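Remarks on the structure that follows.
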Amino acid sequence: MNIPQGALLRQAARADGRIAQIRAAITHLRENFDRLVRIEELLEIAGMSAATFHRRFRAATAMSPLQYQKALRLQEARRRLIADADASGAAYAVGYESASQFSREYTRMFGTPPARDAARLRAVMSKSAEVPENSRSC
């Protein structure tokens, strides 16, 4: 059986493949999302030139490394907000130096300001937890 994405899958599985190099850079971003990660760090990890790295990173993630790190930060901040952190505390915890910048970027990504979004998500989660016992399936 010939899978159209078979070559891509084989390359992803290889530890020394180009996708593995991008995966290593992504792992580094995930582990260090809360601090400034310089592109030179990622280039060294991936062992690629800047142009090649940016092209391959975008092909793998549909984002630039900066956009990817910003998305990681905002997702983690959202998780913290739902867990009852305040917006400025969540902003600083994920590496933002400005609460207003955080609020603008959060609103741009999720469509609602941080506190309002967190309150809405908490309400949704509490309603789903209140499902009557007899309506749950076995």
Side-chain angles (χ1 to χ4, degrees):
M1 176 157 100
N2 192 2
I3 300 172
Q5 295 84 12
L8 186 61
L9 186 58
R10 282 188 300 279
Q11 186 180 21
R14 285 184 41 206
D16 62 340
R18 285 176 260 164
I19 291 175
Q21 294 166 295
I22 295 298
R23 187 174 52 235
I26 288 170
T27 298
H28 185 73
L29 282 171
R30 285 185 176 160
E31 292 171 351
N32 297 283
F33 69 87
D34 58 342
R35 70 170 185 82
L36 176 66
V37 175
R38 300 185 50 80
I39 193 67
E40 291 79 14
E41 283 179 67
L42 299 175
L43 295 176
E44 187 174 324
I45 289 166
M48 296 178 187
S49 71
T52 300
F53 176 75
H54 281 283
R55 185 177 62 252
R56 292 194 176 143
F57 192 95
R58 187 173 292 278
T61 65
M63 297 180 211
S64 72
L66 180 62
Q67 290 169 325
Y68 190 84
Q69 184 179 37
K70 187 185 298 186
L72 289 172
R73 285 179 172 182
L74 292 171
Q75 289 290 345
E76 175 62 15
R78 192 179 211 194
R79 189 191 66 73
R80 288 170 183 255
L81 286 166
I82 293 168
D84 225 11
D86 67 290
S88 61
Y92 295 120
V94 299
Y96 278 87
E97 295 178 12
S98 163
S100 61
Q101 178 70 25
F102 165 73
S103 184
R104 281 191 301 277
E105 291 182 3
Y106 189 99
T107 302
R108 194 175 303 129
M109 183 165 181
F110 297 114
T112 320
R116 192 179 319 151
D117 186 47
R120 180 187 65 79
L121 290 169
R122 278 189 227 110
V124 167
M125 289 171 55
S126 69
K127 282 186 182 186
S128 68
E130 295 172 5
V131 174
E133 191 67 34
N134 61 359
S135 68
R136 292 183 185 153
S137 57
C138 295

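It should be emphasised that the depicted structure is a prediction, and the values quoted were computed from it without experimental measurement. Sequential numbering from 1 along the given sequence is applied to the chain's residues.
In this structure Ser88 satisfies the side chain to side chain donor-acceptor pair (under 3.5 Å) test together with Asp86, sequence neighbours excluded. Evaluation of the side chain to side chain donor-acceptor pair (under 3.5 Å) rule for Thr52 yields Ser49 as partners, not counting sequence neighbours. Thr27 meets the side chain to side chain donor-acceptor pair (under 3.5 Å) test with no other residue; sequence neighbours excluded. Take Arg120 and apply the salt bridge (charged side-chain N to carboxylate O under 4.0 Å, His left out) test, not counting sequence neighbours, and it matches Asp117. Evaluation of the side-chain contact (heavy atoms from CB on, under 4.5 Å) rule for Arg116 yields Thr112, Pro113 as partners, not counting sequence neighbours. For Glu41, the salt bridge (charged side-chain N to carboxylate O under 4.0 Å, His left out) partners two or more places apart in sequence, or in a different chain, are Arg35. Scored by the side chain to side chain donor-acceptor pair (under 3.5 Å) test, Ser64 finds Gln67 as partners (sequence neighbours excluded).
A salt bridge between Arg73 and Glu76 is absent, with no side-chain N of the basic residue lying under 4.0 Å from a carboxylate O of the acidic one.
Considering all non-hydrogen atoms of both residues, Pro114 and Ser103 come closest at CD-OG, 3.6 Å. Ala90 and Ala85 get closest at one heavy-atom pair: CB-CB, 4.5 Å.
Leu74 belongs to a hydrophobic cluster whose remaining members, ordered by chain and number, are Ile22, Ile26, Leu29, Phe33, Val37, Ile39, Leu42, Leu43, Met48, Phe53, Phe57, Met63, Tyr68, Leu72, Leu81, Val94, Tyr96, Phe102, Tyr106, Met109, Phe110; membership requires side-chain heavy atoms of ILVMFWY residues under 4.5 Å apart, directly or through intermediates. The hydrophobic cluster containing Met125, built from Ile/Leu/Val/Met/Phe/Trp/Tyr side-chain heavy atoms closer than 4.5 Å, also comprises Ile82, Leu121. Residues near Val124 contribute nothing to a hydrophobic cluster around it, because no ILVMFWY side-chain heavy atom sits closer than 4.5 Å to its side chain. Think of Leu36 as one node in a network of Ile, Leu, Val, Met, Phe, Trp and Tyr side chains linked at under 4.5 Å; it has no links at all.
Going from atom CZ of Arg18 over to atom CD of Gln21 covers 8.5 Å, rounded to the nearest 0.5 Å.
Applying the salt bridge (charged side-chain N to carboxylate O under 4.0 Å, His left out) test to pairs two or more places apart or on separate chains, those with a residue in residues 91-108 are Lys70-Glu105.
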